[in-house]
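Atoms within a ligand are numbered from 1 in the order they appear, just like the ligands themselves.
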Amino acid sequence: MARRRKQCLVFAAAPRVLFPFLAWLFVLDLAWQCGAASPDADAMGDLARSLSGHPSSWKSGSDPCSPAWEGVTCSGGRVTIINLVSKGISGTLPASLGKLTSLTSIQLQRNSISGPLPLIGDLSSLQFLYLDGNSFDSLPDGFFSGLSGLQKVSLDDLPLAPWNLSQDISAAVGLEELSASNASLTGTLPDFLGSLPNLNLLRLSYNQLVGSLPTSLAGSGLQQLLLNNQKSRDMLSGRIDVIGAMPELIMVWLQSNAFSGPIPDLSNLTALASFNLRDNVLTGVIPPSLATCQTLKNVTLSNNLLQGPFPQFASKSVSLDINKGNNFCNSGGGPCDPRVTALLAVAEGFGYPPLLAKSWQGDEPCGNNWLGITCDSQKSIIVLNFGSQHFSGFISPAFANFTSLRQLYLSNNNLTGPIPDSLTQLPQLQTLDVTNNDLTGKVPQFSHSVALKLDGNPNLGSDSGSSGGGPSSPGTPGSSPGTSDQSGKSKSSLGMIFGIIIAALVLVICSVALFLHYRKKKQQEKFGGVPTETPPNEPTVVSIRSNGMNANGGGLGALYTQSSAESTSAYVVDAQGMYMSIQSLKTATNNFSEDNILGRGGFGVVYKGDHSGTLVAVKKNICDIMGKKGQEEFKAEIDTLRKVRHRNLVALLGYCDDGQERLLVYEYMPAGTLGQHLFEWQSRNEPPLTWKQRLTISLDVARGIEYLHSLAQESFIHRDLKPSNILLDKDLRAKVSDFGLVKLAADNQKSMMTRLAGTFGYLAPEYATTGKVSTKVDVYAFGVILMEIITGRKVLDESLPPEESHLVTLFRRVFSHEKDKFLNVMVDQVLELDEEAHKSLTEVADLAWHCTARESYQRPDMSHAVNKLAPLVEQWRPTACVDEDDGDSTLSLTQRLERWQHDTTTTTDSFGYTFK
Ligand SMILES: *[C@@H]1O[C@H](CO)[C@@H](O)[C@H](O)[C@H]1NC(C)=O
Ligand SMILES: *[C@@H]1O[C@H](CO)[C@@H](O)[C@H](O)[C@H]1NC(C)=O
Ligand SMILES: *[C@@H]1O[C@H](CO)[C@@H](O)[C@H](O)[C@H]1NC(C)=O
Ligand SMILES: *[C@@H]1O[C@H](CO)[C@@H](O)[C@H](O)[C@H]1NC(C)=O
Ligand SMILES: *[C@@H]1O[C@H](CO)[C@@H](O)[C@H](O)[C@H]1NC(C)=O
Ligand SMILES: *[C@@H]1O[C@H](CO)[C@@H](O)[C@H](O)[C@H]1NC(C)=O
């Protein structure tokens, strides 16, 4: 400065000494320095006036450059830098800021400047714009347009009105750092971020961004990517594969978002130091490239849905937070069980869906209700059922590793790619069902014993493209794999059609004969009378066939035989895998000792047993008494339980049929039935269920039934839902049991006539009068159960006057016409209800009311009931973020356990296991 002043004096004293040519250039410049005000004086004066608390040298009217104001740097009489970091300044920025066209740097961070940011698009020389930590309230549209020289921008911690990154930033091709965390940024991450060649820092944490990482980031030179803690409802989501293609990354902070899918291969990231992805929904196995990365300093991956072996990190100095809230198969490192490894390879093919990641916990796929998996008693996987799960991706060749696999269901998904050749090597495979996907390629040559179901894959097997024939025969691959579509000769296909027609005729004739035979036997039975022993206080089981139905005999017979033929074959196939010897069951139950009896019902006795260390419930049917009917229900139950697996359905562990005895072995449910807890708690000397427990049980039941109705491979109808068929585990979580009457709903026609079966009180009106059964029959029964849960009263109570003895009628009347009395008259008086509980109880009552609507079409679907109940149950959870499906998450489980232990300490083993 001093030097410049001296120069100034010299030149001012003798201006004419200079070369006239040069003089013209210099005069202009020097004049400003030596007296005439800087052209920026007015704009700077505005700025000084609109800011308060600025340095005292800021006097409007004075020249900002000569002498330069504190914090102002000039060059050639123009203001180039304004630096007022942390000066306690308030006020606003005037629009005339945009006239300071020589500015290269604006540094105003950590003050209290407020108001809108002005448009400063003329500042094309501006390289550094630091505004973070102020109180600006808005950023105008087009703010960045014209600012093409920007290199570093910081807008963190500004209470701006919502704004989004618009195209105008992309003109700043030299941009190196863009930082706007906690700045109300909305919208998505634009693609152009990937085309800024110099961008090395992108920090947009704590905003309301949504959408996914742009794929354009692949190959970018970004070193620091910080997008953590988005506060929008949906947060940032989608897969993070693009990270694997950003080789310069040092710092990856994506925690507290909704990113999903697996962690990609990171072997191209040679400088990665900080990898923060906790609190997302990542799935899959941690790639070896992360664990072996030597540069890592900090890795957080807790609270995802990661699976596979617990990673061992190569870098010694790394700080880790990965063990909480994931589903690693073990905690000490080392490989997973080979079955788990193969299952994870299967899941990888599907892109590691969260559904599987949530269900597949631990290192034992058998006996823990792993979704889609059925094992035999040797813990070999014999059925894999991934039907109707909205899975995409491909069929993993790793399926070939399940050498005991008999049935593989992949129908109704979005799978692409070929059927792997390796599947032909499965020695036991009986069924491969891939209907309704989008598979391509040639169908491998399976052995003739494999039933292939390939329909609904328009591009499968058509690799030859020009497959001559008629356009109307694209999906020829039927159930005969050996004869691929080479038989394109119209003559032979004519023969085939004939063959099919004849076969169909024979089948129909056989069916009719079978049906007639069956009906005759049935009628004999009806008159003979089946002695059924029902426990006292249990409503009677009805087994009626209405004569009116015979008018529909043909249709009914066809339906019935069709489904029973199907189930018999399936049963024969599968049942072998779960076979348990009578000897082992005798040992388990202490030779069916009286002391082990859990309960008895019309169709058998249920014993508690210890089957090589596993507590089981063994249901023993009495053959000679039961005859054909028992056999059917036995088969029906195996058949159903074979196909359905869900944490809210009691799992079948095995069965035994040695000609004399038929036994079914289930998981043991230590806390007995819902009926006992609702109606017999006093005599059993137990505390009554609290409202929270009742709510949770309701949701459990709804989930189990919803699964039966719509999520399982095929749609099932339970037909005999009642509190004595709802069993509770030690945590008082509910599972639906007793599938003896379950019916398979015909695929596209979920309503059919059937033999009436079920329990009085729980029968839907249309079912009781016409025998017409649909999923709504279960919805009705569920509604009745909800009423019993709310009132603590049985649906039929003969001790009451007739007008009050039918709970459904009374409940509906009071609920719709005398609502003010409802809480006092109808609600179980042992419930202690606070205001919130009142509210949820009213909602459940409303649900019960709808579920028991007279007309089946007025009843909601079971999924509606789940959606209604889930939020009510979640209100009761200590942490709102825990998904109900994550019921096993350590925190809530421990808390729940503590709470329930308190309630159940008095529960002894002396409960009944009532099967009808
Ligand atoms: C976000 O910015 C506001 C000011 O706009 C500040 O008060 C707050 O502390 C910031 N929050 C975080 C998490 O930094
Ligand atoms: C920016 O916001 C506007 C208005 O909210 C919206 O229409 C637009 O899609 C957003 N752009 C991006 C890239 O999110
Ligand atoms: C790593 O970089 C190489 C060379 O650019 C590329 O061929 C390879 O696909 C990259 N790997 C990943 C996982 O992106
Ligand atoms: C690791 O990163 C997280 C950011 O999520 C940070 O909070 C933590 O302090 C870091 N730990 C170490 C040891 O650097
Ligand atoms: C499948 O089995 C083969 C041979 O036993 C083994 O090498 C391979 O690792 C297995 N694959 C998976 C995914 O388990
Ligand atoms: C299959 O994928 C398409 C497009 O990704 C989607 O529209 C469709 O709903 C999916 N179908 C199923 C059954 O998930």
One pair per line, please: each N/O atom of ligand 3 matched with every protein N/O atom under 3.5 Å away, atom names first, then the distance to 0.1 Å.
unit_1	atom_1	unit_2	atom_2	d
ligand 3	2 (O)	N268	OD1	3.4
ligand 3	2 (O)	N268	ND2	2.2
ligand 3	11 (N)	N268	ND2	2.8

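Only the side chain of A345 comes within contact range of ligand 5, with a heavy atom under 4.0 Å; no backbone atom does.
For ligand 5, the atoms lying closer than 4.0 Å to a non-hydrogen atom of N401 are 1 (C), 2 (O), 3 (C), 8 (C), 10 (C), 11 (N), 12 (C), 14 (O).
Close N/O approach between N134 and ligand 1 is not found [any backbone or side-chain N/O within under 3.5 Å]. The N/O atoms of T341, backbone and side chain alike, include none that comes under 3.5 Å of an N/O atom in ligand 5.
Residues passing the disulfide (SG to SG under 2.5 Å) test with C366, sequence neighbours excluded: C375.
Crowding of D141 atom CG: a count of heavy atoms from other residues, nucleotides or ligands under 6.0 Å not exceeding 12.
Checked by atom type, the side-chain pair T92/S50 shows no donor-acceptor distance below 3.5 Å. Looking at N228 and S256, their side chains never bring a donor and an acceptor atom within 3.5 Å of each other.
A side-chain contact (heavy atoms from CB on, under 4.5 Å) with I113 is found for exactly one of L84, L51, L131, L158, namely L51.
The aromatic rings of F328 and F310 sit perpendicular to each other, their planes meeting at more than 60°, with 30° as the lower class boundary. Ring-plane geometry between F386 and F350 is classed as perpendicular, the angle between the planes exceeding 60 degrees on a 0 to 90 degree scale with a lower cut at 30.
One finds no salt bridge joining K379 and D376 here, because no Lys/Arg side-chain nitrogen approaches an Asp/Glu carboxylate oxygen to under 4.0 Å.
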